[in-house]
Amino acid sequence: MATDIKKCIDNMDIKSFQDDLIGWFVSEQRELPWRKDQDPYKVWVSEIMLQQTRVDTVIPYFNRFLENFPTIEALAYADEEKVLKAWEGLGYYSRVRNLQSAVKEVNEKYSGRVPDSPKEISALKGVGPYTAGAILSIAYGKPEPAVDGNVMRVLSRILLIWEDIARPASRKIFETAVRELISHENPSYFNQALMELGALICTPTSPSCLLCPVREHCEAFHEGVQNELPVKTKKKKQKNVQLAAGIFSDGEGRILIRKRPGTGLLANLWEFPTVELSLDFQRQRDQLAEHFEENYSLAPKIGDSIGEIDHVFSHLVWNIQVFSGQITGEISETPQLKLVTEKEIKEFAFPVPYQKMLKQYLEYKKADQP
DNA sequence: GAGTCGTGGTT
DNA sequence: TAACCAAGACT
């Protein structure tokens with residue numbers, strides 16, 4: 001650790017810092033569904049859901065997920081389609097695939113008990129350095145660091161750490177600092193309090209220093225540089241991708257859907273057949289038709305353009321032209337290609353852009369055929 | 001280390 | 001409004 005950070009910690013009254021921080025958490029913490037007990041499974045599920053996701057977004061998903069899959073065993077034996085459906089709309093879908101995979105491993109290898117050693121828990125799929133520390137401290141009371149974005153922001157201010165927190169290597173500096181600072185009497189509350197402070201007081205912009213329970217311990221506050229920290233370099237802009245999608249129905253009004261590949265973007269979710277357009281926007285219908293001919297030997301009658309969907313991902317932007325159409329020929333359904341009714345379609349997990357597309361289609365159909 | 005992987009809220 | 005952001009992990 002850099003000598004100036006070490007010096008900063010040496011000059012701090014650590015016991016007083018812990019007491020102020022934990023005391024604040026005891027009285028000011030939010031009531032959250034995953035804080036009702038310390039069931040390692042519930043802590044685990046909540047931590048996976050909370051990765052890069054806001055608390056308010058997670059709450060309803062967490063409650064529903066635990067109603068559907070109350071225990072390790074329930075999730076281990078659950079139908080993968082139903083698990084994905086429960087995650088629909090939460091994003092970062094590999095999280096739930098890894099979670100179920102890891103839960104199966106815990107069920108078999110550890111008799112359904114979540115391991116409590118750093119080595120074993122870190123070996124589980126989807127459990128990285130942060131999640132391992134969070135589960136170990138919150139569920140098992142182990143004094144392990146759980147360094148997320150909140151913790152890096154809070155500690156960068158308290159300890160005046162000028163490292164770029166966008167660099168993956170920076171996390172270790174903060175883990176070292178937490179090992180020096182963490183309360184061994186209550187590691188769970190210490191870690192949670194750092195994150196709660198980051199969420200409620202020590203916010204990215206305009207932190208509420210006058211309400212902060214540990215401002216007396218904060219170097220950035222003393223120096224008046226809390227708005228200059230943390231240092232975080234910007235990310236690059238997303239790339240634009242042009243797509244055409246077809247919502248095609250057969251003679252009985254059933255809609256053609258297909259399952260996306262098991263890896264990559266939106267893996268294993270369902271979609272309406274979609275093609276990436278090769279920068280020839282005038283031939284959208286042709287490219288869509290060619291795609292169907294080549295992949296399914298189908299020649300759908302492509303009808304009206306229903307509309308346009310713009311969807312922003314972390315690293316790219318989709319612009320989708322949506323077409324309706326009719327399927328005339330015989331269609332051989334496979335596990336990846338299905339014809340479903342408007343009622344049945346509710347059982348399949350769709351990414352948000354396709355949910356919007358379906359809504360547009362149903363409104364279009366209602367308006368077209370009163 | 002840099003790119004991949006969602007979505008919705010905030011500034 | 002475009003950029004930024006939110007309890008990261010994996011390749």
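Residue numbers start from 1 in every chain, and the chains themselves are labelled A, B, ... in the order their sequence lines are given, proteins ahead of strands.
A/Val127 comes within 4.0 angstrom of the backbone, heavy atoms only, and of no base. At a threshold of 4.0 angstrom between heavy atoms, the contacts of A/Arg260 with the nucleic acid are absent. Within 4.0 Å (heavy atoms only), A/Gly264 reaches sugar-phosphate atoms of the nucleic acid but no base atom. Counting any heavy atom pair closer than 4.0 Å across all strands shown, A/Leu32 reaches a base atom. Note on A/Trp34: a base of the nucleic acid sits closer than 4.0 angstrom, heavy atoms only. Counting any heavy atom pair closer than 4.0 Å across all strands shown, A/Ala267 reaches no nucleic acid atom.
A donor-acceptor pair shorter than 3.5 Å can be found between the side chains of A/Tyr354 and A/Thr274.
A straight line from NZ of A/Lys237 to P of C/dA2 spans 10 Å, rounded to a whole angstrom. Distance, A/Phe313 CZ to C/dA3 P: 18 Å, rounded to whole Å. With rounding to whole Å, A/Lys236 atom NZ is found 9 Å from B/dA2 atom P. Taking atom CD of A/Glu271 as the reference point, atom P of B/dG6 lies 13 Å away to the nearest angstrom. Atom CG in A/Asn240 sits about 15 Å away from atom C1' in C/dA3, given to the nearest Å. Rounded to whole angstrom, the span from the CG atom of A/Leu124 across to the P atom of C/dA9 amounts to 12 Å. Rounded to whole Å, the distance from NZ on A/Lys356 to C1' on B/dT7 is 9 Å. Separating the CD1 atom of A/Ile309 from the C1' atom of B/dT7 is a distance of 15 Å, rounded to the nearest angstrom.
Scanning residues 39-55 of chain A for heavy-atom distances under 4.0 Å to DNA chain B yields A/Gln52, A/Thr53, A/Arg54. Remark: A/Gly89, A/Leu90, A/Gly91, A/Tyr92, A/Tyr93 in residues 88-107 of chain A come within less than 4.0 Å of DNA chain B through at least one heavy atom.
In terms of phosphate contacts, A/His311 brings a side-chain nitrogen or oxygen within less than 4.0 Å of OP1 or OP2 of B/dT7. The phosphate of C/dA9 has OP1 or OP2 within less than 4.0 Å of a side-chain N or O from A/Thr131. The side chain of A/His315 contributes no N or O atom lying less than 4.0 Å from OP1 or OP2 of B/dT4.
Between A/Phe190 and A/Phe25, the ring centre distance reaches or exceeds 6.0 Å.
When each of A/Ile165, A/Ile5, A/Val154, A/Asp148 is checked for a side-chain contact (heavy atoms from CB on, under 4.5 Å) with A/Phe174, only A/Ile165 meets the rule.
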Applying side chain to side chain donor-acceptor pair (under 3.5 Å), run through A/Gln51 and A/Tyr130 and close with a yes or a no.
CA-CA 9 Å; A/Gln51 289 170 7; A/Tyr130 162 75; over 6 Å; no

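Where A/Glu196 and A/Lys125 each meet DNA chain C at their nearest nucleotide, the meeting point lying more 5' is that of A/Glu196. Comparing A/Lys239 and A/Val312 along DNA chain B, the residue whose closest nucleotide (by nearest heavy atom) sits nearer the 5' end is A/Lys239.
A/Met12 and A/His217 get closest at one heavy-atom pair: CE-O, 4.1 Å. Contact record, A/Leu124 with A/Ala102: CB-CB, 4.0 Å, taken as the closest heavy-atom pair. Contact record, A/His315 with A/Leu265: CE1-CD1, 4.3 Å, taken as the closest heavy-atom pair. Nearest heavy-atom pair, A/Arg258 versus A/Trp270, reported as atom, atom and distance to 0.1 Å: C-CE3, 3.2 Å.
Each of C/dC4, B/dG8, B/dC5 was ranked by its minimum atom distance to the side chain of A/Lys234; first place goes to C/dC4.
Summarising the geometry, atom NZ belonging to A/Lys125 is positioned 8.0 Å from atom CD belonging to A/Glu105; distances are rounded to the nearest 0.5 Å.
With respect to A/Lys259 and A/Glu81, a salt bridge is recorded, a charged nitrogen being found less than 4.0 Å from a carboxylate O.
Taking atom P on both nucleotides, B/dG3 is separated from C/dC4 by 16 Å, rounded to a whole Å.
The side-chain heavy atoms of A/Lys36 and A/Lys42, taken from C-beta on, include no pair separated by under 4.5 Å.
You'll find a donor-acceptor pair under 3.5 Å spanning the side chain of A/Ser314 and the base of B/dG6, going by distance alone.
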